Amino acid sequence: MTNAIKTAQQWLHDADAFLITASNGFSISEGLNLFASDRKLTTVLGNLVEKYNLPNLLGALNYHYPNVLDKWRVYARIAEYYNYNYYPAELMDKLRQIVGDKPYFIWTSNIDHHFALAGFNNLLEVEGNWQTGICTAHPKEHPAVDLKATLHEIYEKDQAGNLTEGDLPTCSSCGEPLATNLPGPTFNMDQVQVSAFESFISRYQTKKILVL
C-alpha cells in the first residue's frame, strides 16, 4: 500500500464530515454524457434527433423548439431513460460506502437528479434538475413541482401517439405553463437546499471537513 493511499484512508477515518462536489465527470461515470454525439442519443430521443439535427443532450435541452409538444417529448424521453429507470452505478455505490454514517453534503452542478434518486438527501443542485418544474409566469413566487410522474405520463402518451397540449404541466397556483427548473430566465435555485447547505457549513466549519 502506497503512502498516498494510507494518507487518504487516514483522512477518511479522521473526518468529522464530508463535503462532496460533483460535476459532469460524475454523470459520465453514471452513463450520462450531456456532450456526447453518438448512437445513444438516438436511442434516447428517437426521431427528434434527425428532425431538429440535435447534436447532443445539452443541445436538445437548450433548443428553442417551434413545437411545444416536441420540447416536452425531449424532456420526457430523457427523464424516462435516465431517471425513471435509474439504478445507481458502481461509483455511486462506492461513494455511499465511503460516506458511511458520517455527516455529508453534496454540492453539484449536475442536473440529472441522480444523487437524490440514489438516496443522498443532503444536496444542493446549483443548476437545478430536469425533474423539477417551475412556473413560467411567477418562478420566484410559486412553488417548484416534482415532475417525475408527469414526465412519465407524457412519455407514455408520446409513445402511444396521443400526446396533446392539454397533457402538459401547468402551475397549480395560476394555471400558467411550467418549465423545467434549469438555468435560464425562470430558474429558481431551491432555497431549502441552500439553507441546508449553509447550516451544514456553519455546523462543521471549525471541524474536520474532508472535501471529495
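All values reported here derive from a predicted model rather than from experimental measurement. Residue numbers start at 1 and run along the sequence shown.
- For the ring pair (Phe, Tyr, Trp, His ring centres under 6.0 Å) test, no residue two or more places apart in sequence or in another chain qualifies with Phe35.
- Side-chain contact between Leu168 and Val68 is present, with heavy atoms from C-beta onward closer than 4.5 Å.
- Side-chain atoms of Thr132 and Asn129 include a donor-acceptor pair closer than 3.5 Å.
- Judged as a side-chain hydrogen bond (donor to acceptor under 3.5 Å, both in side chains), and not counting sequence neighbours, Ser173 has no contacts.
- For residues 156-194, there are no ring-ring contact (aromatic ring centres under 6.0 Å, His included) pairs, not counting sequence neighbours.
- Distance CG/Leu34 to CD1/Ile28: 8.0 Å, rounded to 0.5 Å.
- The side chain to side chain contact (heavy atoms under 4.5 Å, CB included) test applied to Pro185 returns no partner, not counting sequence neighbours.
- By the 30° and 60° cut-offs, the orientation of the rings of Tyr65 relative to Tyr52 is perpendicular.
- Here the side chains of Val74 and Tyr63 are not in contact, with every heavy-atom distance at 4.5 Å or above.
- Side-chain contact annotation: Thr186 with Thr136, donor-acceptor N/O pair under 3.5 Å absent.
- Residues satisfying the side chain to side chain contact (heavy atoms under 4.5 Å, CB included) criterion with Glu141, sequence neighbours excluded, are His138.
- For Asp14, the side-chain hydrogen bond (donor to acceptor under 3.5 Å, both in side chains) partners at least two apart in sequence or on another chain are Gln10.
- Counting only N and O atoms by type, the side chains of Ser27 and Asp112 include a donor and acceptor under 3.5 Å apart.
- Annotation: side-chain hydrogen bond (donor to acceptor under 3.5 Å, both in side chains) contacts involving residues 90-99, sequence neighbours excluded, comprise Glu90-Lys94.
- Every residue two or more places apart in sequence or in another chain that forms a side-chain hydrogen bond (donor to acceptor under 3.5 Å, both in side chains) with Lys157 is listed here: Asp167.
- With 3.5 Å as the limit, one finds a donor-acceptor pair spanning the side chains of Glu156 and His152.
- The side-chain hydrogen bond (donor to acceptor under 3.5 Å, both in side chains) check on Gln131 picks up Asn83, with sequence neighbours excluded.
- Other members of the cluster containing Ile106 are Trp11, Leu12, Phe18, Ile20, Phe26, Tyr86, Leu91, Met92, Leu95, Ile98, Val99, Tyr104, Phe115, Leu117, Phe120, Leu123, Leu210, Leu212, with ILVMFWY side chains joined at under 4.5 Å, either directly or via other members.
- Applying the side chain to side chain contact (heavy atoms under 4.5 Å, CB included) rule to Pro169 yields the partners Trp72, Leu147, Thr150, Ile154, Leu178; only residues at least two apart in sequence or on another chain are considered.
- Take Thr43 and apply the side chain to side chain contact (heavy atoms under 4.5 Å, CB included) test, not counting sequence neighbours, and it matches Tyr81.
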